[in-house]
Enquirer: 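Below: one structure in structure tokens.
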Amino acid sequence: MQISTCLAGSVVPFLQNPACRTGLAVRPVELADVTECARMRVAALGSLVIGRPPPYAGYVEEQAASFKSAIENQPHVRLMKVVDPEKEDEILSFAKWEVYEHGRPDLDKLRQPMNAHDKEVDEFGALREAAHEYFSSRNGGKMGENPHLLLALLVTADEHRRRGAGSLLVQWGTDLSESLGLQCYVQASEQGRRLYQHHGFRDVGSVQFDLSQYGLEGVEVMTEMIRIPQK
């Protein structure tokens, strides 16, 4: 598949290609990038999307190892980044897309209770369990049985927001979904929901998490969203 950037020779006409308008480029994440991607994830999302609790000891290393494994051993995972071609060594944004052309092969695993050890890494074990149940019930439910693409992660560095980098990564995945004729799913925070709506995702349902029950403050709203291919 051709990468949707000006520099990569996109099949999208110049004026319709957002990468051409921003001057940014979409590239695959490389092994040399995994530690920086892990650090970006922590800076933006803490150690959990829901509530954003701080990282526990060893979390950055765990994330870097997970990204490394995805690149080396998981061909269904597409880790993509956005860079400025004039400064290729700086990652502006990155995303983790998962492609399931025949549905998820790991449904039985997703439907299992959370590992007890994972609940004991810090004082936010109850929140981690609630998040596990939320994501597992969505990804391991009817959605997971059907062929689809899942946007599992999207992170943009604070200093590079409002440059269109995150939008390019969403567009990359929706272009792939169109070429494969597959639906896209995402579980969106309120921060990202408007961006996904701009790319044709619609709400399926929302869940509120009262963070005061887990030792944090505020309310986190997560919205399950779907995008149907237009072709």
Side-chain angles (χ1 to χ4, degrees), residues 1-5 8 10-13 15-22 24-29 41 44-45 49-50 70 74-82 92-107 110 131 134-156 161-208 220-231:
M1 177 184 174
Q2 290 176 298
I3 298 172
S4 294
T5 72
S10 169
V11 297
V12 180
L15 292 177
Q16 297 179 21
N17 188 342
C20 298
R21 297 195 299 270
T22 64
L24 304 178
V26 180
R27 310 273 197 243
V29 172
R41 188 204 188 287
L45 302 173
V49 173
I50 300 173
Q74 301 174 40
H76 72 285
V77 174
R78 315 291 174 86
L79 284 169
M80 307 302 297
K81 64 182 179 180
V82 170
L92 281 62
S93 184
F94 78 95
K96 180 182 181 183
W97 281 95
E98 300 176 7
V99 183
Y100 299 103
E101 295 190 60
H102 307 287
R104 295 188 67 123
D106 59 347
L107 291 175
L110 282 174
Y134 171 77
F135 289 113
S136 294
S137 64
R138 271 72 186 170
N139 297 332
K142 197 67 178 177
M143 179 194 84
E145 297 175 4
N146 297 321
H148 68 281
L149 272 68
L150 174 68
L151 179 52
L153 184 64
L154 177 64
V155 172
T156 300
R161 292 188 180 277
R162 300 188 181 278
R163 294 184 62 183
S167 185
L168 284 179
L169 292 168
V170 178
Q171 185 67 53
W172 185 93
T174 58
D175 286 348
L176 179 58
S177 79
E178 290 290 343
S179 68
L180 296 175
L182 299 181
Q183 299 176 355
C184 292
Y185 293 103
V186 64
Q187 288 97 35
S189 66
E190 284 298 285
Q191 184 178 16
R193 185 164 161 249
R194 182 177 297 181
L195 170 62
Y196 304 134
Q197 288 175 333
H198 176 74
H199 285 274
F201 285 81
R202 61 174 176 81
D203 296 356
V204 175
S206 296
V207 174
Q208 288 191 353
E220 186 85 63
V221 179
M222 297 296 297
T223 301
E224 186 177 3
M225 305 182 76
I226 185 173
R227 182 185 185 277
I228 308 297
Q230 298 176 1
K231 294 181 181 179

Enquirer: Please report the shortest heavy-atom distance between Gln197 and Asp203, naming the atom on each side.
Expert: NE2-OD1, 3.8 Å
Enquirer: For the pair Trp97 (side chain) and Leu169 (backbone), establish whether a donor and an acceptor sit closer than 3.5 Å, ignoring hydrogens and angles.
Expert: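 Yes: the side chain of Trp97 pairs with the backbone of Leu169.
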Enquirer: Under the side chain to side chain contact (heavy atoms under 4.5 Å, CB included) test against Gln187, which residue among Thr223, Val207, Ile50, Asn139 passes?
Expert: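 Exactly one option meets the side chain to side chain contact (heavy atoms under 4.5 Å, CB included) with Gln187, and it is Asn139.
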Enquirer: Find the distance between CE (Met222) and OG (Ser206) and round it off to the nearest 0.5 Å.
Expert: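 It is 9.5 Å, given to the nearest 0.5 Å.
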Enquirer: Specify the closest pair of heavy atoms between Ser93 and Val155, including all atoms of both residues, with the distance to one decimal.
Expert: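 For Ser93 and Val155, the tightest heavy-atom pair comes out as OG-O, 2.7 Å.
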Enquirer: Do you know which two heavy atoms are closest between Gly173 and Cys184, and how far apart they sit?
Expert: O-SG, 4.3 Å
Enquirer: Looking at residues at least two apart in the chain, or sitting in another chain, which of them share a salt bridge (Lys or Arg N to Asp or Glu O under 4.0 Å) with Arg161?
Expert: Asp158
Enquirer: With rounding to the nearest 0.5 Å, note down the distance linking CG in Leu154 to OH in Tyr196.
Expert: 4.5 Å
Enquirer: Roughly how far, to the nearest 0.5 Å, is CH2 of Trp172 from OG of Ser167?
Expert: 15.0 Å
Enquirer: Could you check whether any side-chain heavy atom of Pro28 comes within less than 4.5 Å of a side-chain heavy atom of Lys81, counting everything from C-beta outward?
Expert: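 No, too far: nothing below the 4.5 Å cut-off.
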Enquirer: Quick one: closest heavy-atom pair of Leu149 and Ser177, and the distance?
Expert: CD2-N, 3.9 Å
Enquirer: Applying salt bridge (Lys or Arg N to Asp or Glu O under 4.0 Å), name anything that partners Arg138, two or more places apart in sequence or on another chain.
Expert: Glu224
Enquirer: From Leu107 CG over to Met143 CE, what is the distance, rounded to the nearest 0.5 angstrom?
Expert: 9.5 Å
Enquirer: Is there a side-chain contact between Gln171 and Val26 (heavy atoms, below 4.5 Å)?
Expert: no
Enquirer: Is it the case that over 12 heavy atoms from other parts of the model lie below 6.0 angstrom from the NE2 atom of His76?
Expert: yes
Enquirer: Between Leu79 and Ala70, which heavy-atom pair has the shortest distance, and what is it?
Expert: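 Result for this residue pair: CD1-CB, 4.0 Å.
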Enquirer: Can Phe135 and Leu110 be said to form a side-chain contact (heavy atoms from CB on, under 4.5 Å), step by step?
Expert: CA-CA 9 Å; Phe135 289 113; Leu110 282 174; over 6 Å; no
Enquirer: Could you grab the distance from atom CG of Asp106 to atom CD of Glu98, nearest 0.5 Å is fine?
Expert: 8.0 Å
Enquirer: Please report the interatomic distance CZ(Arg193) to CZ(Phe201), rounded to the nearest 0.5 Å.
Expert: 13.5 Å
Enquirer: Taking only residues two or more places apart in sequence or in another chain, which ones pass salt bridge (Lys or Arg N to Asp or Glu O under 4.0 Å) with Glu178?
Expert: Arg227
Enquirer: The test is side-chain contact (heavy atoms from CB on, under 4.5 Å); show your working for Arg78 and Leu176 and say whether it passes.
Expert: CA-CA 11 Å; Arg78 315 291 174 86; Leu176 179 58; 3.8 Å; yes
